Amino acid sequence: MVAEVHLLRLEAISKSFGKVQANSEVSLSLSAGRILALLGENGAGKSTLMAILAGQLQPDEGRIVLDGEELCFTSTEKAIGAGIGMVYQHFKLVEAMSVAENVFLGKKEGVWLRKGDMHQEIARLAEQYGMRVDPAARVGDLSMGEKQQVEILKLLYRQSRILIFDEPTAVLTPAEAENLFATMRLMAGQGKGIIFISHKLEEVMSVADDIAVLRRGRVVAAMPASAVTSTGALAECMVGREVLLQVDRQPLELRQIVLKVAQLSDFGLGEVSFELRQGEILGLVGVAGNGQKQLVETICGLRRPQENAVRLLGLDWVQFFRNPSWERTLAYVPEDRQGLATCQGLSLLDNFLLTTSAGFTRGPWLQRGLAADKARRLMEEFDIRPADLNAQAWQLSGGNLQKMVLAREFYRKPRLIVAEQPTQGLDIAAAEDVWKLLLEAREAAGILLVTGDLAEAMALSDRIGVMYRGRLVDLFAVDDEDKVALIPQMMAGLA
Amino acid sequence: MSTEIVIALLAATVQSGTPILFATLGEILSEKSGVLNLGVEGVMILGALVGFVVARHSGNPLLAFVAAGLVGSAATAVHGPVCLWFQGNQVVSGLALTIFGVGLANYLGTAYIGTPAPGFSPVPLPGLSELPVLGPIFFNHDPLVYVSYLVPPLLWLFLHATRYGLGLRAAGEYPAAAVAAGLDVVAYRWLGVVGGGFFMGLGGAYLSLAYTHLWTSNLTAGRGWIAVALVIFAFWRPGRAVFGAYLFGGIMALQLRLQASGAQLPSSILLMLPYTLTVVVLVLSSWRKGSSDEPAALGVNVAPVD
């Protein structure tokens, strides 16, 4: 047996942004001719790690060793030069240019571009890897799968030896994904090293040779795919079980139903039904992309369901969203706190007024003074820093911005709260604050907590629901130990 | 109208279209890299003044022509730091450049008003100028017109057949793609801005060195603005720019001839014609926006890489 050659080694890479440790002591190795899958939930640190490899970020500590030589990437150009290429989730393609022009964009020598030669070379490369792309086609006219092939051709043309795919199947149809996997295997067969980032377990199992699981910035498991006995175990690695924080949660008396979902089957969901009462937290867990997003967006008014499928505070969806009142109603704490929840370029006061302005108007006038008093008191109460109403949202750290969103939403005295990944990307202290706030809010409201973090769901929820492929696989009390033990299997579609 | 008059009119069309053509090609180069430069009018008039002054004092029109181009580059270089280093507003910066350029040129040129300078005079191209119809229209001009014939194909070749042109277009279409390919977007945008300024300066110099041979206040008379509009009309393509520039040159030449022939129309209406045409052309070309080659990231600043 030939000794395996490590093409690329990452040694104890650490990177933090402020107080948040995005990667801590990550060590990985990639061999030529193998496909390494990097598994992890959103916010697990995959993107940071790959940005470091692609030369966009510099690690605080640790080494990147390529072919036994330590490298230091200070720019994307250097990483490209070293033979590391990245297929980004959002394609970096010029839509108005042809396939050939996009591929030759990174050309480093010569002055003239000869169309005939360019087209021939691309056709040759494409054929070699079983791709069918017309070199003369305008990229804007191509399908997502074809665009991705152009991205791959770019890397092949540069003779990249290490190809990194960032969630490549997110935009593909199943058939296109199959094609992609075939291409990946072909490339690995030619001695290239491939890193495949994903959170889809089945895909990883079908294509990867090695698997590494990243969680909260650390590698929690690394093994050859052949050593994986069950996808359930992988799922468990991804979401983790270890308890980082303990909060005191006493069950409350349940009161009226605030949310009723009945046989909701739109948008790829499959007959989702549940009820949520004031006084409880329902934790919805599952690997991202199994319908959580669609469910939340439907409940929060972003997608219109069928009649009678969703009832909020006793009203049908249409009635509820026809005349939404600003208080004692639904509060949505979205995952995307910098895009959906706040406006980056507006002051904190303006951001506070985004959802509460109806409470501070008299006739056509906005009572900014009054709002400022209220917001200042809230900032003190929630310990938001900097405690400056004129600061703009982008100046706040993730944790402070999240507390600011919670302060604003809780000020509306909501009776139904939908919280999506409320502690993602926060440091432990901030996460603890957010947990306490949610538990307090439970007294007056029913809370739907959508999280990719099982420990969080276990700590906060009274009941747990597991989602898989758009279905609510099971719904049970958090102290039902038999069911809880089965959660990883349910998340992987095995139970 | 007899054929001679038509031929003379078309020859005048080429001559009055040439300065606009230079300026339009300059603006195309700049916008293709993603930088909107509304300073064309100011850069042109500075080029016109510097060309005039250098010709007057050195007696060498060729030196004057090149100097005007270099001054055009220098003037647009003011636009660079604002848009490329400090992420300033490209529209405001360009407008400031126009106001500054026109003001400065009129002020510095006061002493030269009405004075002549040596310039270029027509040199019939041997052989070609004897062609029937085409000869007198295209090949009986000053050398700068012949230079202007070469620029559109060369610009097209640069943009579409060299890797530098490809990089420059990528910088204007989708800078993120250029960065991912390891290109220096800011450097390409500098190339577009400064290279574009060179041609705008040449366009200005054509006015003072070959068109009027005289210095007057407001020599450019809005031709820079027409060039900005023509870029849109030309769908950002050098070839269509030729067509557009001669369309406007034709209207200007016609308007002059109509005035001279004592037409019964008020002269202010005639003077208005090119600008009316600008509005019409903009409306018409907005109609078919789909087929234009407008750079997707035109006017969008690129954040500096940290």
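Here the structure is a predicted model, which is why all the values come from computation and not from measurement. All chains are named by letter (A, B, ...) in the order of the sequence lines, taking the proteins before the strands, and each is independently numbered beginning at 1.
- We find that Arg124(A) and Glu127(A) are not joined by a salt bridge, their nearest charged nitrogen and carboxylate oxygen being 4.0 Å or further apart.
- Looking at Ile80(A), the atoms closer than 4.5 Å to chain B (heavy atoms on both sides) all sit in the side chain, from C-beta outward.
- Taking the charged nitrogens against the carboxylate oxygens, Lys15(A) and Glu61(A) have no contact shorter than 4.0 Å, which rules out a salt bridge.
- Only the backbone of Glu109(A) comes within less than 4.5 Å of a heavy atom of chain B; no side-chain atom from C-beta onward does.
- For Arg114(A), no part lies near chain B; criterion is any non-hydrogen pair under 4.5 Å.
- In this structure, Tyr157(A) and Phe104(A) have tilted ring planes: the angle between them lies in the 30° to 60° band.
- Under a 4.0 Å N-O distance rule, the pair Asp67(A)/Arg161(A) qualifies as a salt bridge.
- Only the backbone of Phe91(A) comes within less than 4.5 Å of a heavy atom in chain B; its side chain stays farther off.
- Ring pair Phe158(B)/Tyr164(B): centre-to-centre distance not below 6.0 Å.
- Counting heavy-atom pairs closer than 4.5 Å to chain A, the top-ranked of the candidates Ala296(B), Ala297(B), Gly182(B) is Gly182(B).
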